[in-house]
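Take a look at the structure below.
Residue numbers start from 1 in every chain, and the chains themselves are labelled A, B, ... in the order their sequence lines are given, proteins ahead of strands. Not measured: the values here are computed from a predicted model.
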Number of protein chains: 2
Amino acid sequence: MTQRVMQEPTLLLLTALADEPRHGYAITQEIRKISDGQVTMRTGTLYGALERLLKQGLIEVHREEVVDGRLRRVYTLSDTGRERLEAEAERLAATAREASRRLGAFSSQATGSPRTSAATA
Amino acid sequence: MTQRVMQEPTLLLLTALADEPRHGYAITQEIRKISDGQVTMRTGTLYGALERLLKQGLIEVHREEVVDGRLRRVYTLSDTGRERLEAEAERLAATAREASRRLGAFSSQATGSPRTSAATA
DNA sequence: TGCGCATATGTCGTCAGGTGACATATGTTG
DNA sequence: CAACATATGTCACCTGACGACATATGCGCA
């Protein structure tokens, strides 16, 4: 099946829906909070992603409410989305761990020249 | 500077160079190992990424050797690349942690197998 | 009264980066 | 000698993120 690896903005979006349902604008605010102010999801990314994730069944429309005469859609994680987010988070953590481990492994042997010394040129 | 967030294949590539210098094909094999057999980096991604990362100064040509009459380039992480990888790994870990935390917060009220119990009104 | 800002949803063109298919060449093994 | 691992490389295509723009309401304040 080899599905494409989820990108971070998408992952942040799903994370923003992990604890409770939210509507679009609230999601952008939540993402800013999650990323400690580092990531501002533009509406172009947001609404495109929402549509895509709906189609993929990772999120669902929790309810629709009318506020000030305008339709507001509140989204929620689907069961599939929840499972997927769990898997992605785990995989991401593993990748990050491995990167840190290797970086640490290197710095521990300090400036040791790589085993394979210059073999011609 | 608002640089684009690094994608996972790129991060895996840098990780594959974190402990010791490697040439292209060795990198793909290492990535497979790192990802526990889940990610196979195609040559299209690989050589494109290598060129890009060279241009960005995140990796360097460690040495060039001639094997079987063919040029083989061995790449290594630059100091910048090492710092960048550290930062990315940290950020990734934080994101993954936050996702898990929120998922956990939710599942604490609905622990057990993810049932399709649509309690959502 | 109206100006700017936060809130709020949405569209569209552009672009970076990843994917998959293809090309090419040597060494090894059955 | 066929098939496969090793090895480097190109290219067209597509997805998804980005940035700019459009639009509309409520609210504070000058």
Which pairs of donor and acceptor atoms, one on a side chain in residues 70-77 of chain B, lie under 3.5 Å apart (sequence neighbours left out)?
{"from": "B:R72", "atom 1": "NH1", "to": "B:E65", "atom 2": "OE2", "distance (Å)": "3.4"}
{"from": "B:R73", "atom 1": "NH1", "to": "B:E64", "atom 2": "OE2", "distance (Å)": "2.8"}

Check the phosphate of C:dG18 against B:R52, side-chain N and O only, distance under 4.0 Å to OP1 or OP2. Yes or no?
yes
Grab the [atom1]-[atom2] distance between [X] and [N] for me, whole Å please.
| X | N | atom1 | atom2 | value |
| --- | --- | --- | --- | --- |
| A:I27 | D:dA17 | CD1 | P | 14 Å |
| B:R42 | D:dC14 | CZ | C1' | 16 Å |
| A:M41 | C:dG10 | CE | P | 15 Å |
| B:D68 | C:dT28 | CG | C1' | 11 Å |

Reading nucleotides 6-11 of chain D 5' to 3', which nucleotides get B (base under 4.0 Å from a protein heavy atom), which S (sugar-phosphate only), which -?
BBBBBB
Got a sec, which residues hit side-chain hydrogen bond (donor to acceptor under 3.5 Å, both in side chains) with A:Q7, two or more places apart in sequence or on another chain?
none
Report all side-chain donor-acceptor pairs from residues 39-56 of chain A shorter than 3.5 Å, counting only partners two or more places apart or in another chain.
{"from": "A:R52", "atom 1": "NH2", "to": "A:T10", "atom 2": "OG1", "distance (Å)": "3.4"}

Pairing residues for [X] by the side-chain contact (heavy atoms from CB on, under 4.5 Å) criterion, not counting sequence neighbours:
| X | answer |
| --- | --- |
| A:S78 | A:E60, A:T80 |
| A:A16 | A:I27, A:E30, A:I31, A:I34 |
| B:E86 | A:L103, B:R82 |

Heavy-atom pair of closest approach, residues A:E8 and B:M6:
OE1-O, 4.4 Å
Sequence neighbours left out, what passes salt bridge (Lys or Arg N to Asp or Glu O under 4.0 Å) with B:E98? Give chain and number order.
B:R101, B:R102
DNA chain C-proximal residues of residues 6-17 of chain A, any heavy atom under 4.0 Å:
none
